[in-house]
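Basis for what follows: all heavy atoms, side chains included, without hydrogens, waters or symmetry-related copies. We count ligands from 1, going down the list as the structure has it; atoms in each ligand are counted the same way. Because the structure is predicted, anything quoted here is derived from the model rather than measured.
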Amino acid sequence: MASPKTVFIETYGCQMNVSDSELIKAILSKEGYSFVPTEYEADIVMLNTCSVRENANQKVYSRIYEIRSRRKNNPVLVGILGCMATNFKTALLEDAKLKIDFIAGPDSYKQLPHLIQDIGGKGPKPFDVTLSEFETYSDVYPLREGGVNAWVSIMRGCNNFCTFCVVPYTRGRERSRDPHNIVDEIKQIVAQGISQVTLLGQNVNSYRHDDTDFTELMRMVSDVPGVKRIRYTSPHPKDYPRKLLNLMAERHNICKQIHIPLQAGNSRVLDKMNRTYTKEEFLELAEEMKMIMPNISLSTDIIVGFPTETAEEFEETLEVIKKVRFSQAFTFKYSPRKNTLAMKKFADDVPEEEKARRLTALVELQRPISLELNLEQVGHVQTVLIEEEGTKKSEEDFKARNEANTIVILPKGPYTKGDYIQVEITGATSSVLIAKPLYQKTEGVL
Ligand code: 5AD
Ligand code: SF4
C-alpha cells in the first residue's frame, strides 16, 4: 500500500472527545492527511472511544467487526484512540479477533503521525498510552467543521476520583490551560464566524491557572467581543463557586443554563460515591441557583443501582428530582468500571431488573416535569440560534436552540444556520419546543 493518507475518524462519548477529534484532525492535517466521511474510502479508520459505561465499550467492539467485514476485500488499518486505549492498553492490540493496528490515549495525539509510520514495522504494534501531567494541546488550534458551536477545552483530566468513574484513570491528572491562550482561541473562533462557545472540562470548577479561577476565566471569555452565547460543562456540586452565579446573572452572553450532575439523592450513597456533598447541600445549591437566576434551566446526570443503594435510598433521588425540577435528566444504570474503587471494593449487588425498574421510575417522573417546564414557555418570545436547516422529521423546518439549551423547531424562513432570530413559542413536547419566527434577525441573546 502507498503510505496511508486518508483518515476516517468516528467519535464516541462526551464532548471532550468531540473536541479531541478536532485536535487530532488538526495534528494530522498538518502532516498531509485528509479526512473522508465513511470507512469505505479510508486508508485508516480511527475510533475515538469512551469507557464510561460498559455499553460504550461494546458499541466500539461491534463497530470494529462491522468495519472489518465491510472492508473484507480491501482491508483497512484500524486504530483505537481515547479512553479505551488508556483503559485497556496493549490488551487491545493483543486481541487476535479485533486485529487493531495501533492505539493512542488522550495525551498522545501528537504522536499519531509517528505511530502511523510504525505500522507494519518489525517491532511490536505501535502504541502510546502515556498520561501526561502537562499536555493541554494549547499549541494546537482544533480543526472545527461547520457547526454553530465551538467546543473549547479549558482543562484536561480529573482529580476527583468518584468511586464509580473511570475518567481519572483514562485521562489522568487535572491540568488547566493558560487563560490568555483560551481567550486567543476564542477570538479566532469569533473571527471564523462562530459566536457560541462551550467551555469543557471534567470538573470546570477546578480550573485554575496561576491566579485565574473558573469565574475569572468566564469573565474574560464573556468580555471577548462577538461572543454571544457562552455555556460550560460540567461543574461539580461540591465546590460550585457562588460568585459564578452572580457573574452569570450579570452577563447577557452567559446562558442561564447549568448542567449539574447529582448522581444520587441519598447522602450515604453520595458518600460511598466519594461525591463529597450531601443531598441537603445539593438542594441548597439548586435553590441558590434559582434564587439568583429565576429563569435558570438545570439539567443533571443520575446513576441508579450504585452498589448497596436500597429502594428507600433511591426514593430520595426521586424526591430531589421533584424538588429541583430539572429540565432534563440523563439517567444511567450503574456499570462497574475497570480500575475504579467501586469495582475493586463494592459488589455490583443491585440486580439488573431492579436497576431497570429504578431507571424507568426516574424517566417516568422526569418526563412530565420536562413537559410542564416546556409548556410554561408557550406564548413566550425567545431568541434562538439556528443550528441545522432541516430536521430528522422534516426538510421544511429549522432546528434551533434557545438560551436554556432546549431544541426549538420552527418553519424554514429567510435565515441561515448561525443566525439568531426571535421566535414565539407555540407548542411543546417533553423534549422540544415548537415556534414561529417573529421579526428579523437579532444580534444574539436578548
Ligand atoms: N456507571 C454508570 N454511569 C456512569 N457515569 C459515569 N460512570 C458511570 C458508571 N460506572 C455517568 C455519570 C456521569 C456521566 C457522564 O456518566 O452520571 O456524570
Ligand atoms: Fe468522555 Fe469519560 Fe467517556 Fe472518556 S470515559 S470519553 S472522559 S465520558
Side-chain angles (χ1 to χ4, degrees), residues 9-24 46-60 80-88 104-109 129 131 151 153 155-174 200-204 233-238 258-265 269-270 272-275 277 282 299-307 309 317 320-321 326 328-348 350 352 355-356 358-359 362 366:
I9 303 185
E10 192 161 87
T11 308
Y12 296 79
C14 62
Q15 287 96 344
M16 190 63 90
N17 259 14
V18 174
S19 163
D20 279 359
S21 288
E22 295 173 344
L23 289 173
I24 294 164
M46 297 184 188
L47 303 182
N48 190 8
T49 62
C50 172
S51 265
V52 78
R53 287 173 294 276
E54 187 50 32
N55 56 6
N57 289 342
Q58 292 307 330
K59 252 198 244 171
V60 168
I80 296 290
L81 316 183
C83 291
M84 278 174 75
T86 35
N87 202 16
F88 298 114
D107 289 343
S108 310
Y109 297 145
V129 289
L131 289 170
W151 306 108
S153 149
M155 58 190 298
R156 299 181 71 84
C158 182
N159 290 354
N160 287 319
F161 291 94
C162 299
T163 57
F164 53 78
C165 187
V166 77
V167 173
Y169 308 94
T170 62
R171 287 187 167 269
R173 295 293 63 77
E174 249 165 43
L200 296 178
Q202 246 68 45
N203 171 14
V204 291
T233 195
S234 293
H236 194 303
K238 71 174 172 152
I258 306 173
H259 181 73
I260 182 90
L262 165 66
Q263 310 298 6
V269 175
L270 285 170
K272 217 172 158 76
M273 288 176 159
N274 193 31
R275 294 290 288 173
Y277 54 86
F282 187 95
S299 57
T300 199
D301 289 344
I302 293 171
I303 298 175
V304 300
F306 186 75
E309 183 189 59
T317 301
V320 176
I321 289 188
F326 298 103
Q328 251 186 309
F330 300 91
T331 50
F332 312 104
K333 291 188 220 166
Y334 170 71
S335 122
R337 309 312 303 132
K338 189 166 165 254
N339 295 325
T340 60
L341 203 90
M343 163 104 182
K344 287 185 189 152
K345 294 234 165 116
F346 315 140
D348 181 17
V350 178
E352 184 57 28
K355 283 183 188 166
R358 292 181 196 176
L359 199 69
L362 264 185
Q366 180 57 44

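Protein heavy atom in closest approach to atom 16 (O) of ligand 1: R53 NH1, 2.7 Å. In terms of protein heavy atoms, atom 3 (Fe) of ligand 2 is closest to C50 SG, 2.4 Å. Of the protein's heavy atoms, V167 CG2, 3.0 Å lies nearest to atom 2 (Fe) of ligand 2. The protein non-hydrogen atom at the shortest distance from atom 18 (O) of ligand 1 is D301 OD2, 2.7 Å. Taking atom 6 (S) of ligand 2 as the reference point, the nearest protein heavy-atom neighbour is N17 ND2, 3.3 Å. Protein heavy atom nearest atom 2 (C) of ligand 1, with residue, atom name and distance: K333 O, 3.3 Å. Annotation: atom 10 (N) of ligand 1 to nearest protein heavy atom, S335 O, 2.7 Å. Nearest protein heavy-atom contact of atom 4 (C) of ligand 1 is I303 CD1, 3.6 Å.
Between D107 atom CG and T170 atom OG1 the span is 9.5 Å, to the nearest 0.5 Å.
Between F161 and Y169, the ring centre distance stays below 6.0 Å.
Between the side chain of Q202 and the backbone N or O of E174 there is no donor-acceptor pair closer than 3.5 Å. For T49 (side chain) and M84 (main-chain N/O), a donor-acceptor pair under 3.5 Å exists by modelled atom type. S335 places a side-chain N or O within 3.5 Å of a backbone atom of E54 that can act as its donor or acceptor partner. The closest donor-acceptor contact from the side chain of S21 to the backbone of N17 lies under 3.5 Å. Formation of a donor-acceptor pair under 3.5 Å by the R171 side chain with backbone atoms of P106 is not found in this model.
Only the side chain of Q263 comes within 4.0 Å of ligand 1, counting heavy atoms alone; its backbone N, CA, C and O stay farther away. Of all the heavy atoms of C83, the ones lying under 4.0 Å from any atom of ligand 2 belong exclusively to the side chain. Contacts between F164 and ligand 1 below 4.0 angstrom, taking non-hydrogen atoms only, involve backbone and side chain alike. Contact annotation: for V52 versus ligand 1, heavy atoms closer than 4.0 Å belong to both the backbone and the side chain.
The shortest side-chain heavy-atom distance between C162 and R275 falls under the 4.5 Å cut-off.
Enclosure of atom NZ in K59 is not indicated, since only 12 or fewer non-hydrogen atoms of other residues, nucleotides or ligands lie within 6.0 angstrom.
Using a 4.0 Å cut-off between charged nitrogen and carboxylate oxygen, D348 and K333 do not count as a salt-bridge pair.
Between Y334 and ligand 1, not a single N/O pair is under 3.5 Å apart. No N or O atom of P261 sits closer than 3.5 Å to an N or O atom of ligand 1.
Nearest heavy-atom pair, I24 versus I9, reported as atom, atom and distance to 0.1 Å: CG2-CD1, 3.7 Å.
Near Q202, the atoms of ligand 2 lying under 4.0 angstrom from a non-hydrogen atom of the residue are 7 (S). Of all atoms in ligand 1, numbered sequentially from 1 with element shown, those under 4.0 Å from a heavy atom of R337 are 10 (N).
Ring-plane geometry between Y334 and F306 is classed as perpendicular, the angle between the planes exceeding 60 degrees on a 0 to 90 degree scale with a lower cut at 30.
Ligand 2 lies within reach of S51, whose nearest heavy atom is under 4.0 Å from it. Using a 4.0 Å cutoff on heavy atoms, R171 counts as a contact of ligand 2. Assignment of Q15 to the shell around ligand 2 is not supported, since no heavy atom sits closer than 4.0 Å.
At a threshold of 2.8 Å, atom 4 (Fe) of ligand 2 has no backbone or side-chain N, O or S atom of C14 nearer than that distance.
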